[in-house]
**Q** 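Dumping the structure here so I can ask a few things about it.
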Amino acid sequence: MSGGQIDSVMQEDRKFPPTADFQAAAKIGSFAAYESLYEESIRDPEKFWGELARKDLHWFKPFNKVLDWQPPFAKWFVGGTTNVSYNCLDAHLNSWRKNKAAFIWEGEPGEQRTITYAQLHREVCKFANSLKSLGLKPGDVATIYMPMVPELAIAMLACARIGVVHSVVFGGFSAEAIADRNNDAKAKVVITADGGWRRGKLLELKATVDTALAKSPTVQNCVVFQRAKNNVAMKDGRDHWWHDITAKASADCPAEQLDSEHPLFILYTSGSTGKPKGIRHTTAGYNLFVKKTFEWVFDYRDDDIFWCTADCGWVTGHSYIVYGPLSAGATTVMYEGAPNWPEEDRFWDIIERHRVTILYTAPTAIRAFIKWGDHHVDKHDLSSLRLLGTVGEGINPEAWMWYHRKIGGERCPIVDTWWQTETGGIMMSPLPGAIATKPGSCTKPMPGVVPVLLDEQLQPVGPNQGGMLCIAKPWPGMLRGLWGDDDRYVQQYWTKVPGNYLTGDNSRVDNDGYYWIMGRIDDVINVSGHRLSTIEVESALVSHPNVAEAAAVGRPDELKGQSVVVFVTLKSGEANDALKTAMKQHVRKEIGALAVPDDIRFTGSLPKTRSGKIMRRLLRDIAAGKESVQDTSTLEDYSVLAKLRGDEE
Ligand code: WTA
């Protein structure tokens with residue numbers, strides 16, 4: 001155990017090659033084709049990305065250098081000028097795509113809107129001119145706090161069009177969180193809505209913004225889109241209705257010619273401690289990376305109806321609802337509300353009615369669907385689907401199998417996409433026509449992405465041993481820094497493993513060269529000197545027929561260093577000691593004695609971030625019986641914590 005690698009205990013041998021039909025129709029339709037693309041990208045990355053950038057983006061002025069790499073600071077496509085909003089909109093206006101649907105939107109109460117590329121272009125131009133009329137200039141920051149309505153994407157694209165940097169704050173965050181982000185970014189304007197709908201309930205967004213603005217001295221204006229028609233207070237001189245300012249605005253707004261490295265957006269992610277980090281992404285490299293990864297990973301075709309169920313408040317929404325699909329000229333479904341409103345079959349209903357061909361969602365949602373029951377799925381015709389995807393967390397193999405069987409009808413490949421807010425776009429994923437999938441593995445790196453796995457002594461780990469996942473080479477979609485805090489950027493990502501980007505995740509590579517993400521470095525459980533991965537223990541529990549979800553954490557143990565404690569939600573069966581015993585036996589059989597939990601606790605739900613990730617660091621304190629001093633501002637449901645501390649059983 002010298003090097004501090006992670007011991008893999010998981011056995012997963014199932015493998016699913018793409019069908020011959022899928023392969024025949026795919027753009028990258030064989031493993032050899034993937035390999036040659038990857039080889040080419042690694043042999044001469046600057047040539048590879050340079051050629052793609054010239055072909056795939058519009059340039060007002062061509063770049064003269066592909067990459068300027070002063071570790072850890074990268075500049076891509078140096079000297080060029082382009083515009084992301086131009087690449088998403090104007091680029092399609094001289095083609096038949098002009099009248100193609102860009103967005104098919106559905107509100108939670110059931111309204112529907114279809115917006116073509118030409119219509120979207122017009123709305124974006126009008127709103128961009130409105131922002132200009134409020135005095136906004138390139139480099140200024142706009143906070144966007146909106147429900148999932150098309151105007152959220154319009155606001156993002158309008159900012160991009162005039163060089164205003166957007167900072168989208170998820171519509172479920174508190175006034176405090178908005179104010180913190182306004183102040184950190186020195187935002188000049190907040191773009192919001194009167195309200196939005198979630199699970200049949202009105203979210204009073206404007207009221208929350210009013211509270212935030214009392215503590216946001218840099219914000220001079222607030223634009224309010226009328227969505228829910230609830231009563232809101234409008235402050236004279238500061239607040240403007242979206243429909244009023246756009247009514248007067250011209251629909252002619254040429255895209256600003258922006259430097260390749262002009263900041264496009266800031267997106268705040270919660271670090272495990274301390275204040276949120278403002279991840280900074282820029283123009284050309286990000287745009288190219290999300291466009292190409294969208295086309296590669298989703299094997300995108302012009303007649304696809306693509307649905308990414310994320311919220312635009314997360315990076316997944318930025319990259320795979322707005323910027324990736326629109327640059328590629330895709331039709332995207334956008335849904336405002338909850339998956340269980342009015343019933344637990346809402347997603348399947350949407351897929352059936354809009355004939356969705358590609359569904360991209362999160363493991364947390366998949367586990368909820370499993371818990372809610374197959375009968376919701378059985379009511380609907382899902383035969384339009386041809387491809388499925390997951391993002392946000394590792395997916396337990398049994399949940400993967402359910403997704404494959406029940407949603408994919410055993411015909412749709414599943415792309416398990418590993419990436420981060422920091423990486424801008426997908427870093428590892430199967431290419432569905434080229435790479436056979438394995439349940440729980442994100443398989444292979446994207447072109448141009450060079451992963452390395454190192455132990456605590458910074459030595460490479462062997463096959464099937466877990467190590468710290470780092471990225472050895474810069475890539476166009478990488479973060480360029482943290483907003484206003486270069487020191488923290490260097491410290492957080494580039495210090496522990498000099499010269500490499502530290503992802504903060506652990507991973508292993510199997511005998512086929514497939515990557516398996518093993519969870520966060522901080523979450524490793526150390527039992528008698530054996531370092532275990534959270535997801536492997538959890539997956540063993542999820543493969544038990546009664547278990548819906550599991551979260552594994554380490555608890556200090558005098559003898560073993562740490563012992564395994566597991567929090568479990570059930571989909572069936574009685575929460576009693578007999579079941580606990582059965583589960584322990586099951587884990588012993590699946591992955592061995594070492595990983596058998598000392599303690600299993602049943603719970604109604606697990607603490608999660610608002611984007612659906614299990615918050616293991618909070619569970620660690622609960623397992624240890626400690627009062628938590630951790631930051632809980634990103635917690636989705638506070639009552640879950642109270643319940644876990646009190647009546648866990
Ligand atoms: C985790 C979301 C396993 C991982 C795009 C990563 C995953 C963090 C996967 C980033 C996956 C995301 N398999 N783990 N397919 N996708 N993660 O910034 O720990 O919200 O570091 O970006 O989510 O989360 P973020």
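Here the structure is a predicted model, which is why all the values come from computation and not from measurement. We use all heavy atoms of the structure for the numbers below, so side chains are in, but hydrogens, waters and symmetry mates are not. In listed order, ligands and their atoms are each counted from 1.
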**Q** Say whether Asn340 and Arg199, considering side chains only, have a donor N or O and an acceptor N or O under 3.5 Å apart.
**A** yes

**Q** Which option, Ser319, Gly389, Gly392, Ser441, owns the non-hydrogen atom nearest atom 17 (N) of ligand 1?
**A** Gly392

**Q** Please state whether the rings of Trp400 and Phe16 are parallel, tilted or perpendicular, taking 30° and 60° as the class boundaries.
**A** tilted

**Q** Is there at least one pair of N or O atoms, one from Ser611 and one from ligand 1, spaced under 3.5 Å apart?
**A** no

**Q** Give yes if a backbone or side-chain nitrogen or oxygen of Thr421 is under 3.5 Å from a nitrogen or oxygen of ligand 1, and no if not.
**A** yes

**Q** Indicate the ring-plane relationship of His166 and His318, choosing parallel, tilted or perpendicular according to the 30° and 60° boundaries.
**A** tilted

**Q** Below 4.0 Å, non-hydrogen atoms only: which portion of Thr417 touches ligand 1? Side chain, backbone, both or neither.
**A** backbone

**Q** Go through ligand 1 atom by atom and flag the ones less than 4.0 Å from a non-hydrogen atom of Asp416.
**A** 11 (C), 13 (N), 15 (N)

**Q** Of the listed options (Trp314, Trp419, Trp516, Tyr320), which comes nearest to atom 5 (C) of ligand 1 when hydrogens are ignored and any heavy atom counts?
**A** Trp419

**Q** Over 60° means perpendicular and under 30° means parallel, so classify the ring planes of Phe73 and Tyr489, tilted if in between.
**A** tilted

**Q** Students should be able to answer this: which protein heavy-atom is nearest to atom 3 (C) of ligand 1, and at what distance?
**A** Gly394 N, 3.1 Å

**Q** Please determine which of Ile525, Ile6, Leu594 meets the side chain to side chain contact (heavy atoms under 4.5 Å, CB included) test together with His530.
**A** Leu594

**Q** Taking distance alone, with no angle check, do Arg520 and ligand 1 share an N/O pair under 3.5 Å?
**A** yes

**Q** Do the rings of Tyr300 and Phe294 sit parallel, tilted or perpendicular, given the 30° and 60° boundaries?
**A** tilted

**Q** Could you check whether Asp304 pairs with Arg386 (Lys NZ or Arg NE/NH1/NH2 to Asp/Glu carboxylate O, under 4.0 Å)?
**A** yes

**Q** Mind checking whether Tyr493 and Tyr501 have parallel, tilted or perpendicular rings, split at 30° and 60°?
**A** parallel

**Q** Return yes or no for this condition: an N or O of Thr316 is under 3.5 Å from an N or O of ligand 1.
**A** no

**Q** For residues Thr417 and Ser429, is any side-chain donor paired with an opposing acceptor at under 3.5 Å?
**A** no

**Q** If you have a sec, work out which protein heavy atom is nearest atom 11 (C) of ligand 1 and how many Å separate them, to one decimal?
**A** Glu393 O, 3.3 Å

**Q** Can you name the atoms of ligand 1, numbered from 1 with element, that are less than 4.0 Å from a heavy atom of Val391?
**A** 5 (C)

**Q** For atom 21 (O) of ligand 1, state which one of Asn506, Ile426, Asp505 supplies the nearest heavy atom.
**A** Asp505

**Q** Would Lys613 count as being in polar contact with ligand 1, using the rule that some N or O on each side must be under 3.5 angstrom apart?
**A** yes

